[in-house]
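This report refers to the structure that appears directly beneath it.
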Amino acid sequence: MRRAFLTAACGLAGLALLAVRLRATYLVIRVRGNSMAPALTHGDRLLARRTDLAALRKGQIAVVSSPHPAGSEFLIKRVAALPGDPVPERVRRVVADDVVPAGRFVLIGDNTEASFDSREHGFFHADDLHAVTVKKLETQHGR
């Protein structure tokens, strides 16, 4: 009886540890605004995985700290260029570099008419990066 209790307790402790690790690795994020439309729209819920700059790839949708303290805490944008890549033409007017420097990356919103991104802000820093999206969980309009 005592052995069965210890086995069950160890199993529950293992499950609790797994839940803590998953929570530290994955986030659920709700989209605010339409800067990533049509791919993402206001109200969409996303599953995102914490990551670092070394694991980031062009085309992924990244979650970064917002440079606007009064606005949303996070921005959700598509990765357009990584360290060592040429700076996209539409970003060159706000940065002096021709190549994305180490520790920096470029983000552009899919809806370029309604997006605050590297075209205004310039490079984002590796410390700004929180996660990349893994999956859309649900949409506001049931799409």
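Numbers for residues simply follow the sequence, beginning at 1. It should be emphasised that the depicted structure is a prediction, and the values quoted were computed from it without experimental measurement.
Residue pairs that meet the ring-ring contact (aromatic ring centres under 6.0 Å, His included) test with at least one member in residues 73-106, sequence neighbours left out, are F74-H130. Every pair tested for salt bridge (charged side-chain N to carboxylate O under 4.0 Å, His left out) that includes a residue from residues 95-106 fails, sequence neighbours excluded, so the list is empty. Evaluation of the side chain to side chain donor-acceptor pair (under 3.5 Å) test over residues 75-85, restricted to residues two or more places apart or in two chains, returns S35-K77, K77-S115, R78-D110.
No side-chain heavy atom of S118 sits under 4.5 Å from any side-chain heavy atom of V95. By the 4.5 Å heavy-atom criterion applied to side chains, T41 and V31 are not counted as neighbours. By the 4.5 Å heavy-atom criterion applied to side chains, P83 and L53 are counted as neighbours.
The two atoms that bring A39 and D44 nearest to each other are O-OD2, 4.2 Å, heavy atoms only. Listed here is the closest heavy atom pair of G43 and R30: O-NH1, 2.7 Å. When all heavy atoms of L56 and L82 are compared, the closest pair comes out as O-CD1, 3.5 Å. Nearest heavy-atom pair across V94 and E120 is CG1-O, 4.2 Å. The shortest non-hydrogen separation linking A48 to I29 is CB-CD1, 3.8 Å. The two residues H121 and P67 come nearest to each other via the heavy atoms CE1-CB, 3.5 Å.
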*asked:* With side chain to side chain contact (heavy atoms under 4.5 Å, CB included) as the criterion, how do V87 and V99 come out once you've worked through the C-alpha distance, each side chain's angles and the decisive distance to 0.1 Å?
replied: CA-CA 5 Å; V87 174; V99 173; 5.5 Å; no
*Apply side chain to side chain contact (heavy atoms under 4.5 Å, CB included) to the pair K136 and L40, showing each step before the final yes or no.*
CA-CA 8 Å; K136 188 187 299 189; L40 304 174; 3.8 Å; yes
*Apply side chain to side chain contact (heavy atoms under 4.5 Å, CB included) to V64 and L107, showing your working.*
CA-CA 9 Å; V64 297; L107 297 174; 3.6 Å; yes
*Check step by step if side chain to side chain contact (heavy atoms under 4.5 Å, CB included) holds for Q60 and T133.*
CA-CA 7 Å; Q60 287 181 312; T133 62; over 6 Å; no
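The OG atom of S65 lies 5.5 Å from the CG atom of D128; values are rounded to the nearest 0.5 Å. How far CG of L129 is from CZ of F124: 11.0 Å, rounded to the nearest 0.5 Å. Remark: L47 CG to L27 CG distance equals 8.0 Å, nearest 0.5 Å. The CG atom of L137 lies 7.0 Å from the CG atom of L46; values are rounded to the nearest 0.5 Å.
Using modelled atom types, one side-chain atom of N34 and one backbone atom of H42 make a donor-acceptor pair closer than 3.5 Å.
Residues satisfying the side-chain hydrogen bond (donor to acceptor under 3.5 Å, both in side chains) criterion with R119, sequence neighbours excluded, are D117. Residues satisfying the salt bridge (charged side-chain N to carboxylate O under 4.0 Å, His left out) criterion with E113, sequence neighbours excluded, are absent altogether. Residues passing the salt bridge (charged side-chain N to carboxylate O under 4.0 Å, His left out) test with R90, sequence neighbours excluded: none.
Under the 4.5 Å side-chain heavy-atom criterion for ILVMFWY residues, a single connected hydrophobic cluster contains both F123 and I108.
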